[in-house]
There are 2 protein chains.
Amino acid sequence: MATGRTHRPATRSRGIPEATVARLPLYLRALTALSERSVPTVSSEELAAAAGVNSAKLRKDFSYLGSYGTRGVGYDVEYLVYQISRELGLTQDWPVVIVGIGNLGAALAGYGGFASRGFRVAALIDADPAMTGKPVAGIPVQHSDELEKIIEEDGVSIGVIATPAGVAQQVCDRLVAAGVTSILNFAPTVLSVPDGVDVRKVDLSIELQILAFHEQRKAGEESNAEADAGAEAETPAVAPPAPRGSTGATRKGPDGDVPAVMPA
Amino acid sequence: MATGRTHRPATRSRGIPEATVARLPLYLRALTALSERSVPTVSSEELAAAAGVNSAKLRKDFSYLGSYGTRGVGYDVEYLVYQISRELGLTQDWPVVIVGIGNLGAALAGYGGFASRGFRVAALIDADPAMTGKPVAGIPVQHSDELEKIIEEDGVSIGVIATPAGVAQQVCDRLVAAGVTSILNFAPTVLSVPDGVDVRKVDLSIELQILAFHEQRKAGEESNAEADAGAEAETPAVAPPAPRGSTGATRKGPDGDVPAVMPA
DNA sequence: CCATCTTTGTGCACGCGTTCACAAAGACAT
DNA sequence: ATGTCTTTGTGAACGCGTGCACAAAGATGG
């Protein structure tokens, strides 16, 4: 999960739990696929399988939206597509600005899933004057001096930050000052924003590290039966630094008292 | 949060809760920054602020790793960097393959955060023969025919999927069959994998839709006091489809009994 | 050596989210 | 109309994650 709500302590908005909101797009995608295949109705079991969730969870999720199913039959696909779209606010158009048109920003600008569902790239913005005017994905890049003007004139409320980490906070501040109240952050930094502004982050590096953790655990369990003088990569490249004032004493680890992590 | 563990039902691995694991990279990043500024120790309060979390939560998180702090002083920065790195498995090298070198794949290949911490791009793979041999971010693209060979020879266990949604599942199947056990999926699809394989997904479209939901709610609360004949964008572009067999009867919504969602 | 002060580590309670299991509701056949 | 069968909607129980609040630990100064 490359995400994580930064702000707003899980207050359930209008009675819809945050966890449910996060799954609605998943359901919507599955339903859209069914709709394109002209499937008229779908059961909670089928739809849950398509979305990769438990069917009971799906039914409870839908129950927060209202009673949109028919017992003995299932859910009307078209009707549900509309209800979820409306609940997510996708029946209206959301202009979005992308700030930072490097490799990633360009990729985002060209992302097809953008325009498809209510989102419209209102502007691409970069601080590099050499980029100004250059078309990316068919849209000319504008200089960051124009940022405030664009946001106010176009009524942009969603901003995407794809800049280097170093400038992300100040870009964020400018976006917020200009009126943006929702930010999708791709820069590897913790953004601080005032109350009322939502931030979601997408962080490749964090995702990989979480995968590495589980991967290591898998590998560790396999080789646990084998000799402890492990076959590979068990020895760290660098020696662990000693804690301040420590003279190499033992530390209380979760495995009990072991010598301060110093394999061989 | 652009992520979401797909598999493995929140089983706490070796006593460390999943939620804690997801925060460790955050702490590590903050600690690395402190380390570069040669800060020797840090209190839970300071570190928590830098990572954007509650200090009690941080202390509890660290308590799962062991007792690495000194009461009255705080945590030794270097020591903690090492401990967390080790816990996350970053003291060893993880070769990674990226499949699908379009805009996004190229951006990922060029992402600096990759090499910095234990991850190494072992290969870039694309199905388009025209791409083969072309260097992207300094690495020549290889044809997907080579996929199995590369994974086995290099011992790759982590794969990144940046292909179109249509082929993501079959790419995934090939990766898994060749030995990959951790997958980071950027394609907007639900991947199904056998037990023992971890999948994390990063989905721009879902993140935007979640933001739109909250954005809509904010706008709704503002205009609630105003006239209901809303100023803008309140009228859906398409009429809501009627549910199967419905003759336009009322539906039980969460707001009570209202006429089936048909504004004006 | 003792007192004071800072900061960790954690017991406890609370709330959210998930899952089970079942009654109610409706479709459909006879 | 009545009975059967399918599938929804939800009450209830459980487990995880969070945050409070405090006791224990150790540093520091006299």
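For the numbers below, each heavy atom of this structure counts, side chains included, while hydrogens, waters and symmetry mates do not. Naming convention: chains lettered A, B, ... in sequence-line order (proteins, then strands); numbering from 1 in each chain.
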Inset, instruction - For A/Phe62, answer base if it contacts any base atom (sugar-phosphate contacts may also be present), sugar-phosphate if it contacts only those atoms, and nothing otherwise; contact means non-hydrogen atoms under 4.0 Å. - result: nothing
Inset, instruction - State, yes or no, whether a side-chain contact exists between B/Thr189 and B/Gln169 at a heavy-atom distance under 4.5 Å. - result: no
Inset, instruction - Map A/Ala56 and A/Gly72 onto DNA chain D by nearest heavy atom, then report which one ends up closer to the 5' terminus. - result: A/Gly72
Inset, instruction - Map B/Gly74 and A/Asp61 onto DNA chain C by nearest heavy atom, then report which one ends up closer to the 5' terminus. - result: B/Gly74
Inset, instruction - Would you indicate, yes or no, if D/dG17 has its OP1 or OP2 atom less than 4.0 angstrom from a side-chain nitrogen or oxygen of B/Asn54? - result: no
Inset, instruction - Answer yes or no: is there a side-chain heavy-atom contact under 4.5 Å between A/Tyr27 and A/Leu80? - result: no
Inset, instruction - Would you kindly say whether A/Ser205 and A/Gln209 are connected by a side-chain donor-acceptor distance under 3.5 Å? - result: yes
Inset, instruction - Send over the distance from A/Arg23 CZ to C/dT19 C1', rounded to a whole Å. - result: 12 Å
Legend entry - Length of the line joining A/Tyr68:OH and D/dT10:C1', which is rounded to integer Å: 17 Å
Inset, instruction - Specify the separation, in whole Å, of atom CG of A/Leu24 and atom P of C/dG17. - result: 13 Å
Legend entry - Passing candidate, ring pair (Phe, Tyr, Trp, His ring centres under 6.0 Å) with B/Tyr68, options B/Tyr79, B/Tyr82, B/Tyr75, B/Phe62: B/Tyr79
Legend entry - Closest-nucleotide 5' rank along DNA chain D - winner of A/Arg59 and B/Lys60: A/Arg59
Inset, instruction - Nearest whole angstrom, please: distance from the P of D/dT8 to the CG of A/Leu58. - result: 9 Å
Legend entry - N or O in side chain of A/Ser44 less than 4.0 angstrom from D/dT7 OP1/OP2: no
Legend entry - Residue B/Glu18, side-chain heavy atoms: nucleotide from C/dT8, D/dG17, D/dT8 that is nearest: D/dG17
Legend entry - Donor-acceptor pair (no angle test) under 3.5 Å: A/Arg71 side chain, D/dT7 base: no
Legend entry - Atom pair distance, as rounded to whole Å: NZ in A/Lys57 and P in D/dT10: 19 Å
Legend entry - Proximal nucleotide (of D/dG9, D/dT18, D/dG17) relative to the A/Tyr75 side chain: D/dG9
Inset, instruction - Would you mind checking if A/Asp198 and B/Arg217 are paired as a salt bridge, meaning a charged N to carboxylate O distance below 4.0 Å? - result: no
Legend entry - Nucleotide C/dA27, atom P - distance to CG of A/Asp76 in whole Å: 13 Å
Legend entry - N or O in side chain of B/Ser43 less than 4.0 angstrom from C/dT7 OP1/OP2: no
Inset, instruction - To the nearest Å, give me how far apart CG (B/Leu65) and P (C/dG9) are. - result: 10 Å
Inset, instruction - In whole angstrom, give the distance that lies between atom OH of B/Tyr64 and atom C1' of C/dG11. - result: 12 Å
